[in-house]
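The structure under discussion appears below in the form of structure tokens.
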Protein chains: 2
Amino acid sequence: MTATPAQRVRSSGRKGSSVRSSASGEPKADSPAGAGGRMVYSFGPSGSEGRADQKLLLGGKGANLADMCSIGLPVPPGFTITTEMCDAYTRGGDVMPDGLMEAVARAMRRLEAETGKRFGSGDDPLLVSVRSGAAVSMPGMMDTVLNLGLTDETVLALARRTGNDRFAYDAYRRLINMFGGVVMDVSHEVFEAEFDRIKRQFHAKADTDVPTEGLIRLCESYRRVYRKFVGEDFPQDPMRQLELAIEAVFRSWNSDRAIVYRRINEITGLIGTAVNVQAMVFGNMGEDSGTGVAFTRNPSTGQNEFYGEFLINAQGEDVVAGIRTPRPVVEMKKWNAKVHARLLEIKDILERHYLDMQDIEFTIERGTLYMLQTRNGKRTGAAAVRIAVDMVKEGLVTEERALRRIPAEDLTQLLLPSFSPAAKKGAKVIARGLPASPGAATGTLAFTAEDAVERARAGEKVLLVRKETSPEDVEGMHLAVGILTSTGGMTSHAAVVARGWGKCCVVGAGELQIDVKARRLSVGGKTFGPDAVLSIDGSTGEIMVGAIEKTTPKLTGDFQTIMKWADRYRKLGVRTNADTPADAKRAREFGAEGIGLTRTEHMFFEGDRIKAMRKMILAESEHDRRVALKSLLPYQRKDFIGIFTAMNGLPVTVRLLDPPLHEFLPNEPAQQKELAAELGVPVKKIQQRVAMLHELNPMLGHRGCRLAVTYPEILEMQVTAIVEATIACRQKKIDARPEIMIPLVGMRSELHLLRRRTEETIERVRAAKKFTGKLDIPIGTMIEIPRAALRSDEIAKDADFFSFGTNDLTQLAFGFSRDDINSFLPHYLEQAVLERDPFQAIDQDGVGELVRISCERGRATRPDLKVGICGEHGGDPSSVRFFHQVGLDYVSCSPFRVPIARLVAAQAALG
Amino acid sequence: MTATPAQRVRSSGRKGSSVRSSASGEPKADSPAGAGGRMVYSFGPSGSEGRADQKLLLGGKGANLADMCSIGLPVPPGFTITTEMCDAYTRGGDVMPDGLMEAVARAMRRLEAETGKRFGSGDDPLLVSVRSGAAVSMPGMMDTVLNLGLTDETVLALARRTGNDRFAYDAYRRLINMFGGVVMDVSHEVFEAEFDRIKRQFHAKADTDVPTEGLIRLCESYRRVYRKFVGEDFPQDPMRQLELAIEAVFRSWNSDRAIVYRRINEITGLIGTAVNVQAMVFGNMGEDSGTGVAFTRNPSTGQNEFYGEFLINAQGEDVVAGIRTPRPVVEMKKWNAKVHARLLEIKDILERHYLDMQDIEFTIERGTLYMLQTRNGKRTGAAAVRIAVDMVKEGLVTEERALRRIPAEDLTQLLLPSFSPAAKKGAKVIARGLPASPGAATGTLAFTAEDAVERARAGEKVLLVRKETSPEDVEGMHLAVGILTSTGGMTSHAAVVARGWGKCCVVGAGELQIDVKARRLSVGGKTFGPDAVLSIDGSTGEIMVGAIEKTTPKLTGDFQTIMKWADRYRKLGVRTNADTPADAKRAREFGAEGIGLTRTEHMFFEGDRIKAMRKMILAESEHDRRVALKSLLPYQRKDFIGIFTAMNGLPVTVRLLDPPLHEFLPNEPAQQKELAAELGVPVKKIQQRVAMLHELNPMLGHRGCRLAVTYPEILEMQVTAIVEATIACRQKKIDARPEIMIPLVGMRSELHLLRRRTEETIERVRAAKKFTGKLDIPIGTMIEIPRAALRSDEIAKDADFFSFGTNDLTQLAFGFSRDDINSFLPHYLEQAVLERDPFQAIDQDGVGELVRISCERGRATRPDLKVGICGEHGGDPSSVRFFHQVGLDYVSCSPFRVPIARLVAAQAALG
């Protein structure tokens with residue numbers, strides 16, 4: 001038997017990222033009734049036993065129902081069974097907790113008193129709904145049963161009481177159908193087939209055309225079908241109906257789709273769902289009845305307008321089902337001005353009470369308005385920003401509260417183009433990959449980087465389509481409008497590079513068969529050549545045929561306001577990872593306070609540089625290497641001048657060469673031949689050198705500072721370029737503030753040696769340039785090797801700053817190659833061995849502990865040590881929150897994630 | 001300027017592995033005179049200021065000279081300048097510490113008083129020697145100057161006083177030569193050329209044929225040469241001579257060869273060398289004088305006999321130089337019975353005093369015996385064992401002391417064949433590699449594993465010669481008498497596998513050019529084909545031409561005695577790593593108390609198994625995989641029955657499949673073709689599968705428990721085989737005690753899932769076999785992922801035991817691929833960035849901290865958690881000491897290292 005998520009959560013000692021456990025939300029293992037011992041909380045016009053802050057115990061819906069009652073809103077009375085009961089049910093091996101049904105029976109008696117109706121008997125039978133409701137909203141995930149309490153006997157009473165036979169039997173057939181499906185797992189189709197048969201029999205087209213007699217017969221057929229599939233009669237004891245329905249809700253918590261939903265939405269830390277039992281009200285009791293859903297503001301734009309729809313003489317499910325077209329809620333005024341006015345009143349009450357935009361459900365039964373649900377409404381990024389700013393202006397909420405509420409991840413929508421939802425509806429999705437870098441891109445297909453470069457330069461919009469990308473592809477990647485790969489994960493080369501640029505990218509679309517030679521891509525029996533046009537959605541991973549219309553949102557004044565507020569509260573600095581002046585400039589516009597990571601390796605791929613780089617690598621003596629490096633120096637200097645100029649006055653952390661040298665050599669025979677011809681050496685020599693430099697595990701190989709230890713001249717060239725660029729800038733009154741970062745340090749001795757070499761080079765250049773001004777260039781290191789994290793007390797003696805390279809730190813702490821993880825990561829997520837991809841959200845328990853240890857030890861040695869993070873996690877909300885907690889000085893992320901990081905940093909500081 | 005080793009040692013906060021710092025040995029940075037303020041310690045017949053336990057301060061030689069004086073032995077008087085002075089000299093930028101020469105002058109005055117001679121004047125001039133002497137003996141590493149105090153003036157006085165002009169000028173020319181060479185860096189050849197000229201002039205063949213006049217002229221030429229090369233006159237002020245000589249000794253501490261020697265011999269934790277200034281005595285004053293060296297016991301066999309050599313009318317250097325043939329010390333009786341008797345007396349005094357075999361130097365000046373040095377004598381492994389046992393029998397030392405003293409590493413010599421030293425002298429060494437696995441092997445050359453198998457089966461003794469080995473080569477490796485590779489380091493595949501078997505292996509012999517196709521090996525212009533015979537020495541890395549005679553030591557009774565004693569004191573258990581019944585049996589003979597690691601992957605390479613394995617890997621459905629696995633089951637079961645039987649009554653830890661599946665597939669086209677034919681599939685399919693399984697970083701890829709998560713059926717087959725084998729054994733009254741070990745766990749969730757699957761399988765097999773006996777099979781995990789070490793509190797909840805896989809833990813903690821490390825490791829050692837290869841001796845500060853953290857956290861959760869280590873470090877002495885300190889329950893190592901581990905464990909327990 002698999003452990004339940006609740007058990008997993010508890011046993012692994014983790015707290016959910018989205019929900020914090022509170023004392024009242026944590027049941028004692030030996031006491032299913034929890035700390036207070038209460039299993040059931042009633043609510044109704046006469047008052048509520050529950051409170052709004054008991055979401056963990058009562059679920060969001062239950063807590064809000066109780067709360068709405070407390071503030072005097074018209075809510076049908078009912079009661080909530082606690083989430084602890086669900087947990088006890090699961091942990092007890094799917095057995096109803098002792099005493100629960102007795103408590104339910106007592107609550108039902110109270111409900112009968114409150115409504116003046118009787119459950120399962122009498123001439124005014126009480127009907128109830130049973131709904132699930134966890135602490136976090138999971139729409140569509142949990143099951144609902146309506147009209148419980150109807151039996152062969154009470155259906156007659158209901159018909160009598162309402163004077164509406166049709167209504168009564170319609171309610172009854174809905175109950176049997178729902179109950180059979182949800183509680184007893186009877187396929188919906190068998191009921192559907194019966195309905196169709198009846199419809200044919202009565203020559204009815206729509207459900208509503210079936211006469212009362214047909215519905216009576218339908219109920220009979222439904223009961224027969226029920227008996228056939230369930231093996232027993234549809235229960236005529238309402239309390240039995242109730243018990244089975246409650247159990248079904250409990251079970252549904254651990255249904256596959258619920259588990260998957262929670263995993264996909266990263267909902268952890270919950271123990272189960274609550275169950276809400278509530279007196280039924282009916283919107284389908286005639287033309288004076290109705291039902292609707294609404295938002296207190298426009299969830300798409302954020303505009304302050306009451307926004308929703310209603311249907312007359314209908315039940316909630318009819319609105320959702322889309323069979324009849326609902327009417328805008330403004331039109332309600334004409335139908336029932338009183339109800340409309342009351343609704344507007346309630347809208348204001350709710351916003352003032354919840355201090356947020358609400359998503360409500362309501363029903364009007366014979367002219368009386370009932371609120372069935374309220375919850376914070378989902379909204380687009382744009383709406384979130386506007387609502388936040390408006391509500392502050394309206395005096396409803398404080399800046400702090402407004403900031404806290406904006407879902408940081410949604411800001412991406414504001415910064416990147418996206419396909420217009422309408423256009424996307426008709427699009428043909430041919431495959432799906434991983435949404436590696438958000439955005440929308442349409443183009444023809446280039447199957448090699450060279451082809452992409454050529455055609456892009458000729459003005460064509462191309463998608464670069466590769467099995468996987470390598471640093472050799474960088475120019476083509478840069479010129480393409482989007483990148484699509486068939487292998488690789490969220491942190492593959494393509495993904496990382498694309499995210500860095502804010503370029504749309506979909507990776508790991510395994511169904512694609514790419515034939516580079518034939519220049520074509522096959523999927524699902526279809527083939528696409530270089531002239532085919534595809535569109536890729538980097539936010540969803542969809543790959544679609546043809547061009548799809550895009551919308552490019554503009555940064556609004558409200559957005560700037562939010563950012564200004566965020567900056568006011570956050571403690572964490574926000575820098576960017578940028579390798580070019582263009583990226584640096586863009587990031588600065590987004591509010592980056594410096595560059596936390598400039599990778600220098602990308603600089604060696606452009607044009608002629610790669611030739612000089614290759615000459616350097618193929619050199620057989622230090623002298624030849626120095627000659628080749630000398631020809632690279634002017635390029636590097638120019639690069640740095642450009643970046644320093646763009647970041648005038650702000651710090652720029654330059655990382656010295658990091659990747660293994662073989663990444664710069666061509667692997668394909670054709671390219672090797674070309675290189676041999678260019679350099680005038682036999683191709684065999686090139687091949688030998690490639691073979692010699694080959695590594696079994698390049699990630700763990702001769703790279704990072706290990707290059708600088710063995711080839712001091714590379715470090716010297718790079719430091720020379722940095723210092724010469726700095727001096728050149730300063731002489732032009734540009735305030736260049738370089739910081740030199742030495743990568744992949746595992747031992748203090750490495751940093752000690754390289755720091756000295758760096759300092760010597762700085763002094764040498766200063767002397768050669770006769771520069772007399774101040775040249776205080778901090779020298780620091782990346783902490784990306786577990787050993788370095790542990791030995792940070794020692795390493796800090798030679799470091800002016802630390803910057804966590806959490807990508808490599810994650811690779812090494814887990815022993816996961818991010819290039820190879822896709823062979824098992826899907827299984828790990830599916831089997832809940834991992835909750836999230838640790839390359840997306842930092843693993844706080846393991847990798848995070850290394851970060852924490854390193855921080856503590858480094859600062860113990862050197863209290864003024866500046867500590868930042870420049871891995872991919874620097875732009876991930878949950879990770880940024882963690883880095884705030886650990887007390888880092890700054891995070892550094894892709895330019896496009898800078899606003900997100902600023903917001904999250906503020907949210908984290910606000911607690 | 002590079003940091004001095006002393007600075008490095010201090011600044012990195014490390015303690016040397018061979019020498020512990022004591023309070024008196026640690027100078028204060030601001031006080032060059034150290035804690036006591038004393039710079040110089042005198043010794044002589046009138047008493048000693050130093051003590052034997054002040055080795056760190058006075059060096060080994062100085063402390064022992066002081067000590068010998070204290071116990072009344074005849075030692076020429078002198079004084080010792082402390083190691084702190086050397087440290088102060090170095091740290092002061094090679095400047096003589098303030099006040100030192102004043103202290104030296106005072107000590108010289110005392111020495112003059114003691115000897116009744118005058119330094120640099122008078123008719124009885126005092127001559128002194130200046131010798132280095134660190135706390136650890138470094139023979140040949142530090143420089144010595146004799147006869148200091150001779151000048152143009154005092155040489156005349158010496159001649160007068162001794163009545164021996166020849167002697168006086170011979171002493172003077174030796175001084176100028178030594179002083180010029182050692183202190184002033186004048187090449188020895190320029191002096192040699194002068195000597196040759198004089199010899200020709202006087203028609204002398206040997207040095208001793210040169211008449212006095214010739215020596216007088218020689219002194220003149222030497223002074224001329226000295227002036228020419230040094231730029232100034234040979235100093236005529238004896239105090240100046242002394243000062244320069246002392247400085248030279250200080251400087252020599254940081255000479256390249258000294259640094260290299262210390263690194264090679266892993267001597268760390270020392271701050272410098274002491275300097276011993278001692279009155280000269282002369283063995284070359286005539287036929288009543290002489291000099292010699294001796295051991296108090298035979299250093300080769302350990303026999304209790306006085307063992308040494310002496311020369312009449314000679315100085316110490318003459319014995320070493322080997323120009324004249326010295327006579328065995330027993331013959332001294334005939335020459336001077338009194339001196340001989342006194343020497344025997346002193347021998348006993350020394351052994352009783354130092355409680356160890358001594359290596360002594362002595363000089364007889366005109367019939368008077370002087371002791372110049374005593375130190376613990378170096379000895380072979382066999383001698384170490386015999387001396388230890390004998391000395392306990394003789395009542396000289398306790399078992400504890402005897403155990404503590406045996407150099408554990410030397411036991412290897414007793415367990416493996418080696419080339420006889422005599423035969424090796426004449427051997428032609430064609431190349432050198434890394435001494436990966438000790439022993440000696442001679443054979444013809446096989447260039448593929450297949451060839452090795454074929455020829456070995458036909459009875460030929462072959463060396464397997466490969467660029468590098470892979471798991472496919474295992475059978476050939478096993479059947480070869482030795483393994484030689486041109487690439488790879490001490491922990492490459494070849495090295496690890498060979499050490500596991502105790503098979504001789506030399507790796508990384510980079511000079512070898514191997515042409516597999518042409519079946520030949522070229523080196524230094526010579527070529528060797530398949531019929532050539534080479535010999536390889538796995539203890540030195542030498543590769544030699546032809547067959548060389550071998551000696552195979554037998555395990556003596558003394559050895560068994562030592563092991564018995566070791567077992568009495570050690571607290572650490574000692575298990576072995578063994579994959580076959582033969583290995584298991586051998587390890588048991590060596591005293592292994594169980595198997596700490598049975599790798600199951602090697603089992604899949606033999607004969608038909610690899611075919612089934614490949615079928616399994618190529619299977620496209622779980623069903624096909626299960627079919628292939630089913631055919632592997634009987635093999636596995638048989639393997640386990642064999643091992644359980646060999647280890648009857650002892651625990652056997654079986655590690656489930658660990659390597660990535662692609663390691664089992666053939667990479668070469670020919671083999672792929674063959675496999676395709678065998679399996680009846682197109683070769684393209686095989687190639688596709690190989691390409692699909694290819695990983696960029698296999699070390700960090702789909703392996704270890706990740707295989708078991710994604711392919712549960714592999715785990716099920718292996719566990720089934722283990723349980724069936726256990727039941728089969730138990731039914732035959734064989735006490736099988738398997739322990740199931742799950743590799744590469746990084747998260748508790750992995751172990752939790754796999755433990756459940758393992759338990760379910762155990763129960764399934766038990767039920768199927770209707771076995772009713774006890775089947776308590778512990779289930780544990782390897783800790784080899786840094787994250788697992790940090791999360792050990794959680795992981796321990798699902799583990800009955802932990803076993804540290806320190807190879808992988810080292811790879812991940814450092815981010816080093818042990819397969820690729822050779823591209824930079826030599827640079828790292830050379831530049832002292834690393835002190836030792838962390839794959840040989842565990843890195844206590846980094847990897848060790850992970851071990852410590854894991855141990856603490858694991859045991860905090862589960863106090864009865866059994867914790868061992870099964871990485872390569874399990875057989876390394878310094879590592880075993882560390883594991884004892886951390887408090888592990890056992891180490892597991894190669895069978896041949898079991899005795900070493902037993903001894904070191906005892907030594908560690910004895911403190």
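So you know, we letter chains A, B, ... as the sequences are listed, proteins then strands, and number each from 1. Quick note: numbers below take in every heavy atom, side chains included, and nothing from hydrogens, waters or symmetry partners.
Residue with the most contacts toward chain A among Ala813(B), Gly846(B), Gly746(B): Ala813(B) (heavy-atom pairs, distance under 4.5 Å). When each of His702(A), Glu849(A), Met699(A) is checked for heavy-atom pairs under 4.5 Å with chain B, His702(A) comes out on top. Of the listed residues (Glu784(B), Arg706(B), His827(B)), the one with the most heavy-atom contacts under 4.5 Å to chain A is Arg706(B). The candidate with the highest count of non-hydrogen atom pairs below 4.5 Å against chain B, out of Leu696(A), Thr487(A), Ile785(A), Leu850(A), is Leu696(A).
A distance-only check finds no donor-acceptor pair linking the side chain of Glu750(A) to the backbone of Val833(B) [under 3.5 Å].
In this structure, the portion of Ile853(B) lying under 4.5 Å from any heavy atom of chain A is its side chain and not its backbone.
Contact annotation: the side chain of Asp845(A) approaches that of Arg787(B) to within less than 4.5 Å [non-hydrogen atoms, C-beta and beyond]. Taking 4.5 Å as the limit, every side-chain heavy atom of Asp820(B) sits out of range of all side-chain heavy atoms of Leu700(A).
Residues Gly701(A) and Phe824(B) come closest through the heavy atom pair O-CE2, 3.7 Å.
Around CD of Glu759(A), the count of heavy atoms belonging to other residues, nucleotides or ligands within 6.0 Å exceeds 12.
In this structure, CG on Leu753(B) lies 8.5 Å from OH on Tyr828(A), to the nearest 0.5 angstrom. To the nearest 0.5 Å, atom CG of residue Leu834(A) and atom CE of residue Met747(B) are 4.0 Å apart. Interatomic distance, Asn697(A) CG to Phe816(B) CZ, rounded to the nearest 0.5 Å: 13.5 Å. Rounding to the nearest 0.5 Å gives a distance of 8.5 Å between NE2 of His662(A) and OG of Ser823(B).
A salt bridge does not link Glu695(B) to Arg818(A): none of the charged side-chain nitrogens sits closer than 4.0 Å to a carboxylate oxygen.
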